[in-house]
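First comes the structure, then the notes that go with it.
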Amino acid sequence: MAVLVIKKIQHRLLAVATLASGAFAISATLVPLDAQALPLFARQTGQNCVSCHAGGQFPELTPYGRMFKLTGYTIGQRVAVPISAMGQITYAKVRDTSKSDDPQADFQKNGSPVFSGGSLFFGGKVTDNIGAFVQWTYDNYAGQRVGDSGNNDGTFQGKPSADNIDLRYADRFIDANRDLVVGVSVNNNPSVSDPWNTAAAWMQYVPAASVTSHRFADANTPFPGNSTGGNVAGINAYAYLNKMVYAELGFYQTANKGFSFMSGGVNDAGTTKLKGANNPYWRLALTHEWGAHNLMVGATGMVAHIYDDNVDTSDPNSIHRVENAGIDAQYQYILDPHTITAQVAYMRQKTNYSANTIAANAGIGSPLGFVASDGVTPLADANDSDTTNTFRAKLSYVYQAKYGGSLAYFNLTGTTNTESQSSGYDPVTGTIASTDPLGLGSILSTRVGGNLSGNPATRGFTYEAFWMPVQYVRVGAQYTAYNKFNGASDNYDGLGRNARDNNTLFFYVWGAY
Amino acid sequence: MKKTLLPLLAGLAVIASGCSNLERSRDLANPNVPAAVTAMQVCSNCHGIDGNSVSPNFPRLAGQQTAYLVAQLQHFRSHERADPPGFVYMWGISHHLTDDQIKGLAEYFAKQVPKPNAPGDAQQMAAGKEIYEKGVPEQNVIACAACHGPKAQGIEAFPRLAYQHADYIVKQLDIFQHTQGRPGTPMEAITHPLTGENKQAIAAYLQAFPD
């Protein structure tokens, strides 16, 4: 079975690699190599990256970039080869790798540069009203190969899959008295259709490889997000009036049947299953521009009904309901050679667990068998619902669209839940263990990922400096410093690991063509 | 995946082949799109629907001289005008415009009404007015008004300057003075003796241009 899966993946990989190299070859011969003509949208408009990306720092959009997106990627001319590619090389070093049960597993590739993967982009202008942004991402570290013994053999397995997909129909009714942009977006990720970079799908920007040494890099710190994540299927209608009021309403369902391309490359077990299509997403924003300044203040929300098990949607009692509500604001000052951006976003997420989960947890104390520190007293039952609050703020400055820096603060708080405890007091030994005291046989966590408190609180700062030697390459360094992780500053896993031990230095080279 | 994506792409291609919406098109390579449509659907994003751009990154075009606008668009199209804002934004925009479309765009913005701006620093504006009207004889700076007109309204190929963004004027004066980005005008020689203070003063005066 495993061999078959690997062979299937290898075939698919080969197909993508062939497609990618073919696309490069074709684009290299057919696309004129003008200095200003680089990735797909730049070729379509003939404009430089900084026209649409604030200070050149992709993916953050300028006011013009937002209008380009809202009008359906239709400005300019259709290009002959509507393909672009990007790739990243990353490096992460975690401050302390000693307090770990298995450093090799906990910090894969620590201190080694890795080719994280890359994306192919398709789309752009199709007609005067239709355009697309389709991103397929190849994750070079998507999984580990299984050796002859049946265990991971320590090597990695790459995998391509659908990433961000946004197909649009848009129209603009504009005259001296009124400017109304209306459109419909068919997309695979709630808020991927949003043109502001405080939106859940866009605030996180630098990709990190999926090796465990990258788990504390900025990309993996708390960001405001919707419960479904990507690879679902939604239809959203939106309107933007007089560059002042923006409203959007969408409904999401499982990416299956006609929408299966929205989760292409993701297997059934990895695809979120939603109940029906009554999973609404909404967005309101007010915007204002004055001089070189522009400001957006907005709110967003989503309600999703998600099956507990991605491969079993037969039981109506196995559906949990998640409500998201957020507010966000973005300020930009863009006047050559300066670009300043301030972003603030807050998201509250309430999860009401499924009837099955609640019934299973009733009266059993800690679902994993941990007890209080006296070694006897049972812990509380797992919660019927949980709430998290994610706050994030970021300030960035770019000079001459070349040299930049940013400072970000993140603070995740939430309810404590014995379900989330992955280490605790073992009733047999009376000591803190990170393995399952009920003897179910599974290792719950290594110390590095452990959570003694059952609380998700995580807080810290990310400092970043970057340089864009040319408009389509960005080289950056980030240092993420934690003062709280998994509910505590010190000894968060109960086995001696402190939040600051996770501090991570992260380098990236990010290029697009 | 392939089963659904391919018909979708095929469908989009069919739609693409027969569908253009000339009244509200943002296509910059279709010679049939009327200039006023391009002005409203595309140019307005940066320059404003009435040519009174909000951001000083983008020049005000309202009331600008038709001949000047035609020349600039042609120079963007031919890449003769190569100052950074020119090639970053305008080379691509102008790449496929026809002469008729360029003329139409110029006429569209020329007939818009320029909006005045709030006055800046009084002393700086007074200094700017002095230079604008009389030049700086001891520095061999000639009066701007000689070509751009007493009301800074411009004439033919000499652009209107009244109510223009100060930041844009300073940057363009720098380009004339220090680069070859805008060849073929007398401005390189004219701006040669200007000091930084002169440029700031002229720009402050022109942005407000009080009566």
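Chain A is the first sequence line, chain B the second, and so forth, proteins listed ahead of strands; every chain is numbered from 1. No experiment lies behind these values; they were computed from the predicted model shown.
Most heavy-atom pairs under 4.5 Å with chain B, from the set A:Asp175, A:Asn294, A:Thr62: that is A:Asp175. For chain A, the option among B:Asn30, B:Asn57, B:Val33, B:Leu28 with the highest count of heavy-atom pairs below 4.5 Å is B:Asn57.
Using a 4.5 Å cut-off between heavy atoms, A:Thr71 touches chain B through backbone and side chain atoms alike. Using a 4.5 Å cut-off between heavy atoms, A:Ser51 contacts chain B through both its backbone and its side chain.
Within residues 44-54 of chain B, the residues having any heavy atom less than 4.5 Å from a heavy atom of chain A are, in residue-number order, B:Ser44, B:Asn45, B:Cys46, B:Ile49, B:Val54. Residue-level contacts of residues 189-208 of chain B with chain A do not occur; threshold 4.5 Å between heavy atoms.
If you take CZ on A:Phe173 and CD on B:Glu23, they are separated by 10.5 Å, rounding to the nearest 0.5 Å. Between the CD atom of A:Gln47 and the NE2 atom of B:His95 there is a distance of 12.5 Å, given to the nearest 0.5 Å. One distance of note links CD1 of A:Ile75 with CD1 of B:Ile93; it measures 7.0 Å at 0.5 Å rounding. Residue A:Leu335 holds its CG atom at 10.0 Å from NE2 of B:His165, rounded to the nearest 0.5 Å. Between the CZ atom in B:Arg24 and the CG atom in A:Asp171 there is a gap of 4.0 Å [rounded to 0.5 Å]. Note that the CG atom of B:Asp167 and the CG atom of A:Asp336 stand 8.0 Å from one another [nearest 0.5 Å].
Heavy atoms only, all atoms of each residue included: A:Arg172 and B:Arg26 are closest at CB-NH1, 3.6 Å. Between A:Gly291 and B:Pro56, the shortest heavy-atom distance links the atoms C-CD, 3.4 Å. When all heavy atoms of A:Ala292 and B:Ser55 are compared, the closest pair comes out as CA-OG, 4.2 Å.
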(Q) Using the rule given for side-chain contact (heavy atoms from CB on, under 4.5 Å), can you reason through A:Lys125 versus B:Asp27, listing the C-alpha separation, both sets of side-chain angles and the distance that settles it, and then say yes or no? (A) CA-CA 9 Å; A:Lys125 181 183 182 71; B:Asp27 195 330; 3.8 Å; yes
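More than 12 heavy atoms of other residues, nucleotides or ligands sit less than 6.0 Å from atom CG of B:Leu22.
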